[in-house]
Amino acid sequence: MAGALSEASGSFVVHATSTQSQIDQTQKDKNALQQQLQQEQQNIQTLEGEQNQLMKELNQLNTERQKVLDNLADLEAKIHAKEDEISEALKALEEAKATEQWQKDTMEAQVRCMYERKDDSYLKLLISSGSMAKMLNMAYYIERVMAYDKLQLESFIAIRQQIEVEEAKLQEEKNQLQVLQALAEDERNKLSKLIADTQSSIAKYKDQLEAAEKKALEFEKAIREKENTLAQLKIKLAQEMAFSQAAQNATWRDISQVSFAENDLYLLANLIYCEAGGEPYVGQLAVGAVVINRVLSSKFPDTVAGVIYQKNQFAPVASGRLDLAMAANKATVSCYKAAEEAMKGITNVGTCVFFRTPIPGLTGIQIGGHIFY
């Protein structure tokens with residue numbers, strides 16, 4: 001027999017329970033654990049779904065990042081190519097400038113040679129040619145040479161100008177590529193941050209999943225323990241029912257054959273208080289009668305103390321509430337009266353040796369909120 005303590009109207013009301021009530025409570029606990037397990041399993045499914053979605057997003061982000069990286073590589077290759085073209089253009093420009101300068105220096109040297117030298121002036125060269133025809137031929141030759149040099153110089157100047165234009169064009173293209181590269185790099189950094197954030201979220205969900213799975217395992221373990229307890233309690237209930245039947249057929253002493261100890265009244269009154277303190281007097285007397293019936297039956301100990309302190313029979317004993325009640329003598333006047341009458345052999349439950357709160361299928365004598373059997 002066990003006891004469950006509740007509070008009503010400012011006073012403690014104690015309801016007696018039995019192995020069956022323990023079975024009921026254990027079943028409720030098991031059902032609650034199963035509900036918690038189902039909730040945790042749903043939580044796991046939700047977390048797994050969210051984690052899978054994040055994995056898809058991560059894969060997409062990685063694909064996009066790879067495209068950006070490929071674009072960056074392509075841009076860098078184009079920039080390097082433009083740099084090579086600019087380098088070649090600069091080299092050609094320097095060569096054109098050098099050729100231009102050489103041509104200019106050559107023409108200046110020819111002019112100085114023709115007009116500034118005392119022994120070999122342009123005029124002297126013409127006079128020394130001899131005949132008019134030779135002089136004219138020499139003049140024509142000199143003119144042709146100068147015209148060629150001038151043409152070459154103009155050509156080199158045009159080439160140099162074209163190279164400068166090409167260089168400027170290449171530089172502009174390079175600048176545009178560098179702008180695109182900067183944009184691509186910025187996009188890569190953004191994607192890298194998104195990927196890092198997504199990976200962090202996935203790790204977070206992983207931790208939550210591990211915690212949820214750990215909880216689910218704990219619930220499963222608790223459910224198995226409850227199932228084991230249920231099996232044991234059902235065996236115990238069957239034994240109690242069989243024991244109660246056997247007690248009816250056992251040898252019974254008369255109340256006159258019982259020798260009560262000095263402290264028995266005090267002990268029984270406080271047990272009645274713990275088990276049925278909130279019940280009407282008839283209910284308190286019935287609890288006292290069950291204790292005395294056990295004393296009278298050969299199936300139980302033959303003393304009040306032996307019956308009350310028999311292992312696993314009265315919950316207030318195991319929980320320590322009986323000791324607390326006795327320390328303060330919590331038993332009321334009606335509890336003492338019920339104990340006295342029970343110790344005189346008065347019973348309103350016949351030879352019943354168990355009691356509990358009503359449950360479907362249990363028959364017996366119902367008094368107040370209890371069934372006696």
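The first residue of the sequence shown is numbered 1, and numbering continues consecutively from there.
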Sub-4.5 Å side-chain heavy-atom contact between [X] and [Y]:
X      : Y      : value
Phe300 : Val353 : yes
Asn329 : Tyr273 : no
Thr351 : Phe372 : no
Val295 : Val304 : yes

Minimum heavy-atom separation for [X] and [Y], please, with both atom names.
X      : Y      : answer
Gly368 : Glu279 : CA-OE1, 3.7 Å
Ala276 : Gly283 : CB-O, 4.3 Å
Tyr266 : Ala327 : OH-N, 4.5 Å

Tyr309 vs Leu267, test: side-chain contact (heavy atoms from CB on, under 4.5 Å). Steps then yes/no. CA-CA 10 Å; Tyr309 288 108; Leu267 175 60; 3.6 Å; yes
Taking the six-membered ring of Phe354, is NZ or CZ of Arg294 closer than 6.0 Å to its centre and within 45° of its axis? yes
For Asn31 and Gln35: C-alpha separation, side-chain torsions, deciding distance, then whether side chain to side chain donor-acceptor pair (under 3.5 Å) applies. CA-CA 6 Å; Asn31 293 340; Gln35 289 180 352; over 6 Å; no
Does a side-chain N-to-carboxylate-O contact under 4.0 Å join Lys344 and Glu341? no
Show your working on side chain to side chain donor-acceptor pair (under 3.5 Å) between Asn62 and Gln66 and close with a plain yes or no. CA-CA 6 Å; Asn62 281 324; Gln66 188 57 49; over 6 Å; no
Gln171 atom CD, over 12 foreign heavy atoms within 6.0 Å: yes
Can any side-chain N or O of Asn293 pair as donor or acceptor with the backbone N or O of Gly350 at less than 3.5 Å? yes
Separation of [Y] [atom2] from [X] [atom1] (nearest 0.5 Å):
X      : Y      : atom1 : atom2 : value
Tyr281 : Lys337 : OH    : NZ    : 5.0 Å
Gln60  : Thr63  : CD    : OG1   : 5.5 Å
Asp264 : Ile308 : CG    : CD1   : 7.5 Å

CA sep, side-chain torsions, deciding dist, call: Ser192, Arg188, side-chain contact (heavy atoms from CB on, under 4.5 Å): CA-CA 6 Å; Ser192 295; Arg188 184 186 70 81; 4.0 Å; yes
Do Val291 and Val349 share a hydrophobic cluster (ILVMFWY, side-chain heavy atoms under 4.5 Å, transitive)? yes
